[in-house]
Amino acid sequence: KMKKIALAALLACCIAGAFAKTWTNNLGFGASVPFSVTGVDEKNADDITQLGYGVEGIYLGYHESGFVAKADLSVGVGTTKDIKIQDDGTNIGVFEHISVGAGYAFVRSESFLLAATAMVGLNVASYTNEEDDVPYTDENNTVKADYTQAFSLVSLTAGADLFAEYRISQKFGIFANVGVRYLLVGTGISNWEYEYKTGNKSVSVSDDDTESLFGKFCVQPTLGVMW
C-alpha cells in the first residue's frame with residue numbers, strides 16, 4: 001500500500017513539473033478606451049452612452065497545448081451626456097471593469113501570440129455631484145445644507161476578447177486587446193443626501209431609488225506593454 005501511495009505521489013509531482021515547464025505567464029499594462037451603451041428598463045427612457053479613458057492591467061497565461069487563462073482589471077474616468085447630475089452638458093465620473101475567462105491561442109511563436117477568450121465580468125460606473133450651502137426646508141424652517149447626489153450603474157457582462165502580442169525580446173513585448181461584452185443584466189442606483197446642522201445637532205436626510213438595466217454592449221480596446 002505504501003508503495004502505491006509513493007508511486008502516486010511521484011506521478012503527481014512529475015505531471016505538475018511537466019505542466020509547470022510548459023506554462024507561460026504574462027503581465028500587461030496599457031491605456032484603455034471603453035465605449036458602452038446601456039439600456040434602461042423604463043418606458044420612454046433613453047439609453048445611457050458612456051465613453052471612458054483609463055488604464056488596464058492584464059494577466060494572460062497559456063499552455064503549450066494552446067489553452068489560455070486571462071484576467072483583466074481596468075479603471076479610469078467615464079463621461080456621458082445621458083446622466084444629468086452635474087451642471088455641465090457632459091457629466092464626468094469613474095468606472096471599473098473586471099473580467100475573467102479562458103480560451104485558445106491560435107498562433108504561438110517566439111515573436112507573436114494571437115488568442116481568443118470567452119469572458120465574464122462586472123462593469124461599474126459612478127457619477128457624483130456635491131454642492132455646499134444649498135437651501136433645504138425641513139419641518140421647521142429653511143437651512144443651508146451640504147447636498148450630494150450620485151448615480152451608479154452596475155452590470156454583469158459576458159463576451160469575448162481578441163488578444164495579440166508582439167515580443168520585442170524574450171521578456172518584453174507590446175500587445176493589443178479588444179474586448180466585446182454584452183450587458184446581461186444590471187441595476188442603476190440613484191441617491192441624494194442633505195446634511196445640515198440645527199443648533200449643535202447634525203442632521204442627515206437621504207433617499208435612494210433603483211431601476212433595472214438591460215442589454216446593449218460595451219467595446220473596450222486596449223494598447224500597452226507586456227512582460
Side-chain angles (χ1 to χ4, degrees), residues 30-57 72-99 119-159 178-198 202-223:
S32 186
V33 185
F35 173 79
S36 66
V37 179
T38 305
V40 180
D41 192 7
E42 184 178 324
K43 189 176 181 180
N44 299 324
D46 294 332
D47 295 339
I48 299 173
T49 299
Q50 300 178 86
L51 178 63
Y53 306 91
V55 294
E56 182 173 62
D72 51 61
L73 171 66
S74 58
V75 296
V77 175
T79 66
T80 181
K81 294 183 179 180
D82 298 316
I83 296 174
K84 308 297 183 182
I85 288 180
Q86 301 156 6
D87 292 335
D88 297 332
T90 299
N91 281 210
I92 298 175
V94 295
F95 75 84
E96 179 179 353
H97 298 170
I98 182 170
S99 298
M119 308 291 289
V120 294
L122 182 70
N123 287 7
V124 180
S126 182
Y127 297 84
T128 305
N129 185 51
E130 297 180 355
E131 298 181 42
D132 299 330
D133 298 329
V134 175
Y136 175 75
T137 303
D138 62 10
E139 296 177 353
N140 301 314
N141 52 17
T142 299
V143 297
K144 297 290 187 179
D146 295 333
Y147 175 68
T148 302
Q149 185 181 12
F151 185 77
S152 299
L153 303 91
V154 182
S155 299
L156 296 176
T157 67
V178 178
V180 179
R181 305 283 187 273
Y182 176 73
L183 307 182
L184 298 172
V185 64
T187 301
I189 306 168
S190 58
N191 57 69
W192 56 261
E193 181 180 29
Y194 289 93
E195 290 184 307
Y196 60 93
K197 286 189 176 182
T198 299
S202 295
V203 180
S204 176
V205 181
S206 63
D207 193 16
D208 58 69
D209 190 19
T210 61
E211 54 191 38
S212 297
L213 308 176
F214 72 97
K216 307 302 179 178
F217 64 91
C218 177
V219 178
Q220 184 164 342
T222 305
L223 183 66

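The residues of the chain are indexed from 1 along the displayed sequence. Just so it is clear, the model here is predicted, and its values are computed rather than measured. Values below: all heavy atoms of this structure, side chains included; hydrogens, waters and symmetry mates excluded.
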Between [X] and [Y], which heavy-atom pair has the shortest distance, and what is it?
X: P135; Y: T142; result: CB-CG2, 4.2 Å
X: F151; Y: I48; result: CE2-CD1, 4.1 Å
X: G52; Y: F95; result: CA-CE2, 4.0 Å
X: T49; Y: T80; result: O-OG1, 2.6 Å
X: D46; Y: V40; result: O-CG2, 3.7 Å
X: E131; Y: N129; result: OE2-ND2, 3.1 Å

Only one of [options] forms a side-chain contact (heavy atoms from CB on, under 4.5 Å) with [X], so which one is it?
X: R181; options: P34, S36, C218; value: C218
X: S190; options: I85, D208, D209; value: D209
X: E56; options: D72, V75, L223; value: D72

[X] [atom1] to [Y] [atom2] distance, which is reported to the nearest 0.5 Å:
X: Q86; Y: E130; atom1: CD; atom2: CD; answer: 10.5 Å
X: S126; Y: I189; atom1: OG; atom2: CD1; answer: 9.0 Å
X: M119; Y: T157; atom1: CE; atom2: OG1; answer: 8.5 Å
X: T79; Y: D88; atom1: OG1; atom2: CG; answer: 12.0 Å
X: S155; Y: L213; atom1: OG; atom2: CG; answer: 5.0 Å
X: L73; Y: S32; atom1: CG; atom2: OG; answer: 10.5 Å

Would you sort out whether T148 and T128 count as a side-chain contact (heavy atoms from CB on, under 4.5 Å), showing the intermediate values?
CA-CA 7 Å; T148 302; T128 305; 4.1 Å; yes
With sequence neighbours left out, the residues meeting salt bridge (Lys or Arg N to Asp or Glu O under 4.0 Å) with D146 are none
Atom NZ of residue position K197 - does it have more than 12 heavy atoms of other residues, nucleotides or ligands inside 6.0 Å?
no
Does the side chain of E193 come under 3.5 Å of the side chain of S204 through a donor N or O and an acceptor N or O?
yes
Residue pair K144, D132: steps toward the side-chain contact (heavy atoms from CB on, under 4.5 Å) verdict:
CA-CA 8 Å; K144 297 290 187 179; D132 299 330; over 6 Å; no
Kindly assign one of parallel, tilted or perpendicular to the pair W192 and Y194, based on the angle between their ring planes and the thresholds 30° and 60°.
perpendicular
What do you reckon, are the aromatic ring centroids of Y182 and F217 less than 6.0 Å apart?
no
Could you go through the side-chain contact (heavy atoms from CB on, under 4.5 Å) check for T38 and N123 one step at a time?
CA-CA 11 Å; T38 305; N123 287 7; over 6 Å; no
